[in-house]
Amino acid sequence: MDNLADDPAVSLGALRAILGALPMAVILVDAQERVILANAAARVLLGEGIEGRVLSAVLRHPAFVAAIEETLAEGRASDVRVTLPDKGGETHLAVRSAAIPAPAAGQAGGAAGGRAALVSFEDMTALEQSVSMRRDFVANVSHELRTPLTALVGFIETLRGAARDDPAARERFLGIMEREAGRMIRLVSDLLSLSRVEAEERRRPADRVEVAALLRSVMASHRDPAAAAGVALTLDAPDGPVTLRADADQLVQVFHNLIENALKYGASGGAVTICLTRIEREPVLRGPAVEIAVTDRGEGIDPLHLPRLTERFYRVDTHRSREKGGTGLGLAIVKHIVNRHRGRLRIDSEIGKGSTFRVILPAG
Ligand SMILES: Nc1ncnc2c1ncn2[C@@H]1O[C@H](COP(=O)(O)OP(=O)(O)OP(=O)(O)O)[C@@H](O)[C@H]1O
Ligand SMILES: [Mg+2]
């Protein structure tokens with residue numbers, strides 16, 4: 001700031017009203033490095049009783065204190081990044097300190113002389129998280145694609161060289177290549193369907209869907225794999241139609257994924273049951289609902305994994321899931337579709353006993 005003396009100082013009261021109207025955390029620090037004003041957001045961020053405290057007691061962070069000292073001494077604005085430990089994570093703050101004429105204590109304003117530092121805090125946590133999520137996501141996708149691509153390149157080389165005149169080996173390698181290419185196609189189409197669901201997440205579905213008939217048709221498409229795995233696939237549904245406002249194609253995807261998982265990971269139990277029930281009043285959804293539970297009696301899932309099961313690419317046993325052609329996106333898609341329907345997904349599982357995946361959809 002070049003000409004502090006020429007600017008009439010604002011009164012502290014006026015400044016309090018202005019800063020109080022801002023959504024971001026802002027404090028005002030006087031030349032003695034004391035906090036003379038903190039708006040509501042700043043008191044939430046830094047603690048209720050911060051007005052009147054010295055700066056170093058408010059936030060013990062050397063770079064933060066140094067930035068404000070620089071502003072107070074030289075009138076220069078300065079920016080600093082501060083990371084605070086937070087319950088279960090970190091809060092990332094972009095802090096800007098800028099010089100303003102020190103406010104007059106009285107109501108009328110007027111010349112107070114000297115300089116104060118107006119310090120604002122921008123919470124960058126959500127942004128940092130989304131940047132790191134995107135980074136992880138790209139790394140995961142690249143990794144998932146690189147494995148089958150490396151295999152394909154290797155087999156192409158072998159087919160051109162060592163296996164050139166060996167029809168039996170050629171057949172076998174072509175079979176593997178077909179499988180790897182199929183895996184990439186599945187991965188890409190799962191990613192596309194995930195991004196389509198995400199794009200529509202705010203739009204509520206409008207079709208009227210009869211759930212029992214929908215479940216029967218999804219089950220029909222799994223009849224052969226179920227028989228091959230020695231699993232009895234049964235539906236337990238009330239008499240008469242059960243209709244919902246839903247996106248039929250997306251519900252097909254949900255139950256396709258859940259039944260496929262039950263058959264893939266829970267076949268050892270020999271039975272997969274789908275149970276459709278009407279609920280008069282669902283406490284969490286606060287109204288009538290429909291519950292569809294897909295239960296297997298297979299090996300179950302360690303409770304340790306349950307909170308992360310619906311994350312993209314998360315698998316309990318990566319090797320085994322890959323072997324079965326899985327991409328680890330099935331439950332992430334399920335979760336997004338259920339969210340779009342304003343429903344809930346609940347997972348109960350016990351090692352050695354099996355798992356139940358419950359989809360609860362509002363029927364209001
Ligand atoms: N019924 C189940 N019993 C035991 N484990 C399960 C069951 N359903 C899912 N899992 C575990 O959860 C993981 C994530 O499931 P998800 O459907 O998201 O991915 P996937 O089946 O591996 O791949 P994809 O569905 O994309 O083909 C699976 O890898 C598996 O380890
Ligand atoms: Mg799956």
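Note: hydrogens, waters and symmetry copies are ignored here, and every other heavy atom, side chains too, is used. The residues of the chain are indexed from 1 along the displayed sequence. When a ligand or atom number is given, it counts from 1 through the structure's own listing order.
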Closest to atom 30 (C) of ligand 1 by heavy-atom distance, out of Tyr265, Tyr314, Phe313, is Tyr265

Per-atom filter on ligand 1: closer than 4.0 angstrom to a heavy atom of Asp190 are 26 (O)

So, is Leu309 polar-close to ligand 1, with some N/O to N/O distance under 3.5 Å?
no

When distances are taken from atom 22 (O) of ligand 1, the protein heavy atom at minimum range is Ser321 OG, 2.7 Å

### Query
For the Mg ion (ligand 2), does an N/O/S atom of Asn257 lie at less than 2.8 Å?
no

query = Taking Thr125 for the side chain and His92 for the main chain, is one N or O donor matched with an acceptor at less than 3.5 Å?
reply = yes

Honestly, for Ile301 the part within reach of ligand 1 (heavy atoms, under 4.0 Å) is side chain

Let's go through Gln253 and Ser193 carefully: what are the C-alpha distance in whole Å and the side-chain angles of both, what is the deciding distance for side chain to side chain donor-acceptor pair (under 3.5 Å) to 0.1 Å, and is it a yes or a no?
CA-CA 10 Å; Gln253 250 182 309; Ser193 98; 2.9 Å; yes

Contact region, Phe357 to ligand 1, non-hydrogen atoms below 4.0 Å, reads side chain

Using non-hydrogen atoms of the residue, decide whether Leu329 is closer than 4.0 angstrom to ligand 1. yes

Mind checking whether Gly328 has a heavy atom under 4.0 Å from ligand 1?
yes

query: Short N/O distance, under 3.5 Å, between Gly330 and ligand 1?
result: yes

Under 4.0 Å from one or more heavy atoms of Gly326, ligand 1 contributes atoms 23 (O), 24 (P), 27 (O)

min-distance protein heavy atom vs atom 15 (O) of ligand 1 -> Leu331 CD1, 3.6 Å

Rounding to 0.5 Å, atoms CG (Asn39) and CD1 (Ile27) come to a distance of 9.5 Å

Original post:
Would you call Gly298 a ligand 1 contact, heavy-atom distance under 4.0 Å?
Top reply: no

Contact region, Thr310 to ligand 1, non-hydrogen atoms below 4.0 Å, reads neither

Closest to atom 26 (O) of ligand 1 among protein heavy atoms sits Thr327 OG1, 2.6 Å

Counting from 1 in the order shown, the ligand 1 atoms closer than 4.0 Å to a non-hydrogen atom of Ser355 are 3 (N)

Atom 9 (C) of ligand 1 has as its nearest protein heavy atom Asn261 ND2, 3.5 Å

Assess the side chains of Glu299 and Ser268: does a donor N or O sit below 3.5 Å from an acceptor N or O?
no

**Prompt:** Is the cationic atom of Arg312 (NZ for Lys, CZ for Arg) positioned less than 6.0 Å from the six-membered ring centroid of Phe137 and within 45 degrees of its normal?
**Reply:** yes

Query - Flag, side chain of Glu90 to backbone of Thr83, donor-acceptor distance under 3.5 Å - result: no

| Asp348 and Thr356 side chains, donor-acceptor separation under 3.5 Å | no

For Arg315, the atoms of ligand 1 under 4.0 Å from one of its heavy atoms are 13 (C), 22 (O), 29 (O)

d(Leu46 CG, Glu51 CD) to nearest 0.5 Å is 11.5 Å

At under 4.0 Å between heavy atoms, what of Lys264 touches ligand 1? The answer is side chain

Is a donor from one side chain sitting under 3.5 angstrom from an acceptor on the other, for Glu260 and His222? no

Atom 11 (C) of ligand 1 sits nearest the protein heavy atom Val316 CG2, 4.0 Å

Value for CZ (Arg202) from CZ (Arg340), rounded to nearest 0.5 Å, stands at 12.5 Å

- Query: Looking only at atom types and distance, does a side-chain atom of Ser355 sit under 3.5 Å from a main-chain N or O of Ser349, one as donor and one as acceptor?
  - Reply: no

Practice item. Considering only NZ, NE, NH1 and NH2 on the basic side and carboxylate oxygens on the acidic side, decide whether Glu144 and Arg315 come within less than 4.0 Å. Key: yes

**Arg81/Glu122 salt bridge by N-O under 4.0 Å criterion** = no

At under 4.0 Å between heavy atoms, what of Asp296 touches ligand 1? The answer is side chain

